[in-house]
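Being a predicted model, the structure only gives us computed values, none of them experimental. Order of the sequence lines fixes the chain letters, A, B, ..., with proteins taken first and strands second; residue numbering starts at 1 for each chain.
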Amino acid sequence: MSDIAVTEVRRLSEHVGDEVRLLGWVDTTRVHGKVGFVVVRDGTGVVQGVLVKSELPEEIWNVLEGVTQESTVALTGLVKEEARAPGGFEIGVTAIEVIGAAEEYPIQPKEHGVEFLLDHRHLWLRSSLQRAGLRVRAEVEQSIHDFLYQRDFVRIDTPILTGAIGEHAGSLFETDYFGVPAFLAQTGQLYVEAACPAFRRVYCFGPTFRAEKSKTRRHLTEFWMVEPEVAFADSAENMRLQEDFITYIVERALERCAEELKVLERDTTKLEMVRPPFPRLSYTDAVARLQAKGSEIEWGSDLGAPDEEVLMEDHDLPLFVHDYPKGAKAFYMKENPEDPRTALCNDLLAPEGYGEIIGGSQREDDADKLLARIREEGLPEETYRWYLDLRRYGTFTHSGFGLGVERTVAWITGRHHIRELIPFPRLMNRLYP
RNA sequence: UGGGGUGUAGCUCAAUUGGCAGAGCGCCUGGCUGUUAACCAGGAGGUUGGUGGUUCAAAUCCACCCGCCCCAGCCA
């Protein structure tokens, strides 16, 4: 082993002229006879090493000729500024040592089919576009926590194993809980509502499970959702929080992930325009606008994906569509006093075809009306007893929303399908790897 | 679940009217002192998703089955 200090590729500019040691994986090699190149990725960056046959012991040159793609290596050599090298720096290699030899690597630097790549997701993660997308995801997640922390929200971790809690009982994953049926949570919302009187502003952030047999580029069976909930906030205030939240997340990504967005070839023009206020359109006005554009939609039916796309034709900013008909929405949403056919709720539609990234609402705070809605939907009353308690022991106006992390990251990165924006996607027909 | 596609070498794809199963990449061998997904020459690599049928002859036509992709519904 060498006693030369190990450094990282991202710090090479501090080491010009020094002899350093790098630990990483071989992206590719190019051997020309008397000079050769090895491109190494160490997780912080990618750098090219140059080997000159006449200046090296034969056994080191032989290592270069035999090393395979994705082998783990230790590279020792002199850091040089070099205009011809990608990244501007390169290593004049004096030693290369194979730590873990790789077998023939399945993923080549070329086009592959989706099924093949998903079968090799555990290796695909190493590719440059995947690294860029997942790094943006991590930044988005961090900015979610930072924004809410700055606004005095308290994080509440809600249970993943539940009784039948959520919006629609038909789309839950069922499991056995010591002989009793249990379900994987499809929302933490009802639980953050319970924490609201304890902390005023709360949120949960975690995986969410939906057993819907959806096969579109916008759906996963396991996805991550952040759900803020605020006491004494009405629907209008809820939307103001949402637009501030989205603006912060987008700004942070533009600021801290510029390199990743460039790798992803994301045109950031429209992202740079994102700032409050976002346009607001009532459901009723949306239907009128769609009808004016020739749609056959009728008042009362939910907006479909094509309807949403037509509405977004007129907008570069995210669009709030609010106050949907009660029948199209969940039981816990508060009736709109100005139009009792509708509920105080909103969706937030992302531009550029990315669709719904937020669903939010003011919650029904009247115990009798809530119970009536639970009965109307035929939901198991006993399961919701604790939820009704929240209205019996000091009820209060409150609102909240759920933001889908993968959809948001897909929009920010400009990727077509959200399955690339979660490290190990769970789809209807995919549980491996 | 419905509609539309698709399945050929490890990978990405060709194969005319039904007529010898092909290329590029990767891999192996040799050559080359500055490559950027290097280049040049040679080599290995196939039960054409499965079953059955039509035919002198099927990757190609027919039936059924299976996998996958896209769109829709459901939603974030």
Side-chain angles (χ1 to χ4, degrees), chain A residues 27-39 46-56 61 65-66 68-70 80 82-87 90 92 102-120 127-128 166-168 170-172 186-189 205 207-227 242 301-309 324 328-330 346-350 353-360 401-411 416-419 421-422 427-430:
Chain A
D27 254 15
T28 178
T29 59
R30 291 182 284 273
V31 181
H32 292 253
K34 291 182 178 156
V35 66
F37 302 88
V38 57
V39 178
V46 179
V47 70
Q48 168 173 286
V50 186
L51 293 86
V52 180
K53 190 173 185 180
S54 60
E55 296 170 6
L56 288 169
W61 181 260
E65 290 200 316
T68 49
Q69 188 187 353
E70 289 303 321
K80 295 184 259 188
E82 173 55 71
R84 287 174 293 184
E90 72 178 16
E103 295 175 25
E104 189 179 333
Y105 194 64
I107 300 180
Q108 299 168 24
K110 61 175 285 193
E111 287 279 318
H112 289 283
V114 177
E115 191 184 5
F116 176 83
L117 288 169
L118 286 174
D119 280 344
H120 296 84
S127 306
S128 61
E167 300 173 18
H168 298 98
S171 55
L172 296 162
Q186 59 174 355
T187 174
Q189 180 206 313
F205 189 16
T208 287
F209 306 89
R210 304 264 167 105
E212 290 148 2
K213 295 189 174 178
S214 303
K215 288 170 75 170
T216 80
R217 64 194 179 95
R218 296 185 304 279
H219 287 86
L220 298 166
T221 54
E222 178 181 305
F223 66 97
W224 284 63
M225 183 158 71
V226 56
E227 295 176 273
Q242 290 169 44
S301 58
D302 205 357
L303 267 36
D307 299 319
E308 293 180 355
E309 222 156 292
Y324 283 79
K329 290 291 173 181
N346 73 272
D347 285 353
L348 182 66
L349 307 182
Y354 287 91
E356 183 182 346
I357 56 173
I358 284 180
F401 62 92
L403 170 77
V405 169
E406 292 79 12
R407 287 186 183 180
T408 303
V409 178
W411 165 48
H416 179 71
H417 200 302
I418 70 170
R419 65 188 159 209
L421 287 323
I422 186 167
L427 303 160
M428 210 180 123
N429 51 1
R430 181 164 295 278

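Residues in residues 213-224 of chain A take part in these side-chain hydrogen bond (donor to acceptor under 3.5 Å, both in side chains) pairs, two or more places apart or across chains: A:T216-A:H219.
Residue A:T408 is out of contact with every strand shown, counting any heavy-atom pair closer than 4.0 Å. Counting any heavy atom pair closer than 4.0 Å across all strands shown, A:E222 reaches no nucleic acid atom. Residue contacts for A:H417: at a heavy-atom cut-off of 4.0 Å it reaches the sugar-phosphate backbone alone, with no base atom in range. A:Q48 comes within contact range of at least one nucleobase, with a heavy-atom separation under 4.0 Å. Within the 4.0 angstrom heavy-atom criterion, no nucleotide atom of any strand lies near A:I107. Residue-level contact check: A:G355 touches neither bases nor backbone, having no heavy atom under 4.0 Å from any strand. At a threshold of 4.0 angstrom between heavy atoms, the contacts of A:H112 are confined to the sugar-phosphate backbone, with no base atom among them. Note on A:D302: only backbone sugar-phosphate atoms sit closer than 4.0 angstrom, heavy atoms only; bases stay farther off.
As rounded to whole Å, 10 Å separates atom P of B:G26 from atom CD of A:Q69. Distance, A:M428 CE to B:C69 P: 10 Å, rounded to whole Å. Counting to the nearest Å, the C1' atom of B:U29 and the CD atom of A:E65 are 12 Å from each other. When the P atom of B:G2 is taken as reference, atom CD of A:E212 falls 18 Å away, rounded to whole Å. Taking atom CG on A:D119 and atom C1' on B:C69, their separation rounds to 14 Å, with Å as the unit. One can place CD of A:E103 at 13 Å from C1' of B:G10, the figure rounded to the nearest angstrom. Distance A:F37 CZ to B:U33 C1': 8 Å, rounded to the nearest Å. Distance A:L303 CG to B:A76 P: 14 Å, rounded to the nearest Å.
Rounded to whole Å, the P atom of B:G30 lies 23 Å from the corresponding atom of B:A23. The C1' atoms of B:A59 and B:U8 are separated by 6 Å, rounded to the nearest whole Å. For B:G24 and B:C40, the C1' atoms lie 16 Å apart once the distance is rounded to whole Å. Taking atom C1' on both B:C61 and B:G18, the two are 8 Å apart, rounded to the nearest angstrom. Taking atom P on both B:U60 and B:U17, the two are 15 Å apart, rounded to the nearest angstrom. Comparing B:G4 with B:G43, their P atoms are spaced 47 Å from each other, to the whole Å. Separation of the C1' atoms belonging to B:U6 and B:G50 is 16 Å when rounded to the nearest angstrom. Across B:C25 and B:C62, the matching P atoms stand 35 Å from one another, rounded to whole Å.
Look at A:R84 and you won't find any side-chain N or O under 4.0 angstrom from OP1 or OP2 of B:U33. Listed pair A:R217 / B:C71 meets the phosphate criterion, a side-chain N or O lying under 4.0 Å from OP1 or OP2.
Contact of the A:R407 side chain with the A:W411 side chain is not registered, since no non-hydrogen atoms from C-beta on lie closer than 4.5 Å. Residues A:N346 and A:F401 have side chains not in contact (no heavy-atom distance under 4.5 Å, counting atoms from C-beta outward). Side chains of A:R419 and A:V114 form a contact here, defined as non-hydrogen atoms less than 4.5 Å apart. By the 4.5 Å heavy-atom criterion applied to side chains, A:E103 and A:T68 are not counted as neighbours. Taking 4.5 Å as the limit, every side-chain heavy atom of A:R210 sits out of range of all side-chain heavy atoms of A:L220. In this structure, A:V31 and A:K53 have side chains that are not in contact, with every pair of non-hydrogen atoms separated by 4.5 Å or more.
Listed by chain and residue number, A:R30, A:V39 satisfy the side-chain contact (heavy atoms from CB on, under 4.5 Å) test with A:T28 (two or more places apart in sequence, or in another chain). Looking at residues two or more places apart in sequence or on another chain, you find a side-chain contact (heavy atoms from CB on, under 4.5 Å) between A:E308 and A:L303, A:L349, A:E356. Applying the salt bridge (charged side-chain N to carboxylate O under 4.0 Å, His left out) criterion to A:E406, with sequence neighbours excluded, gives A:R137. For the ring-ring contact (aromatic ring centres under 6.0 Å, His included) test, no residue two or more places apart in sequence or in another chain qualifies with A:Y105. Residues satisfying the ring-ring contact (aromatic ring centres under 6.0 Å, His included) criterion with A:H417, sequence neighbours excluded, are absent altogether. For the side-chain contact (heavy atoms from CB on, under 4.5 Å) test, residues two or more places apart in sequence or in another chain that qualify with A:D302 are A:Y324, A:A328. Remark: A:E309 pairs with no residue by the side-chain contact (heavy atoms from CB on, under 4.5 Å) rule, at least two apart or across chains.
Nearest approach of A:P86 to A:Q48, heavy atoms of both residues: CD-OE1, 3.9 Å. When all heavy atoms of A:W61 and A:L56 are compared, the closest pair comes out as CE3-CD1, 4.5 Å.
Which of B:G73, B:C70, B:G26 sits closest to the side chain of A:R218 comes down to B:G73. Side-chain proximity of A:E82 to the nucleotides B:C74, B:A76, B:G34 is greatest for B:G34. When distances are taken from the side chain of A:F116 to each of B:C11, B:C74, B:C69, the shortest belongs to B:C11.
Residue ring and base: A:F223 counts as stacked with B:A76 (centre distance below 5.5 Å, interplanar angle below 30°).
One can find a donor-acceptor pair under 3.5 Å joining the base of B:C74 and the side-chain atoms of A:S214.
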| Can you give one letter per nucleotide of nucleotides 38-47 of chain B, 5' to 3': B if a protein heavy atom sits under 4.0 Å from the base, S if only from the sugar-phosphate, - if neither? | B---------

| task | Starting at the 5' end of RNA chain B, write a dot or bracket for each base, bracketing those in Watson-Crick or G-U wobble pairs whose two distances are under 3.5 Å and using | for partners on another strand. | result | (((((((..((((.....[..)))).(((((.......))))).....(((((..]....))))))))))))....

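Each of A:D307 and A:P86 was assigned the nucleotide of RNA chain B with the nearest heavy atom; the assignment lying further toward the 5' end belongs to A:P86. In terms of position along RNA chain B, the nucleotide closest to A:G304 lies nearer the 5' end than the nucleotide closest to the other residue of the pair A:G359 and A:G304.
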Just the atom pairs and distances: protein N or O near nucleotides 21-25 of chain B's N or O, under 3.5 Å.
from: B:G24; atom 1: N2; to: A:K110; atom 2: NZ; distance (Å): 2.4
from: B:C25; atom 1: O2'; to: A:Q108; atom 2: OE1; distance (Å): 3.2
from: B:C25; atom 1: O2; to: A:Q108; atom 2: OE1; distance (Å): 3.3

All N/O pairs under 3.5 Å across the protein-nucleotides 66-68 of chain B interface:
from: B:C68; atom 1: OP1; to: A:N429; atom 2: ND2; distance (Å): 3.3

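Using cut-offs of 30° and 60° on the angle between ring planes, the pair A:H112 and A:F116 is parallel.
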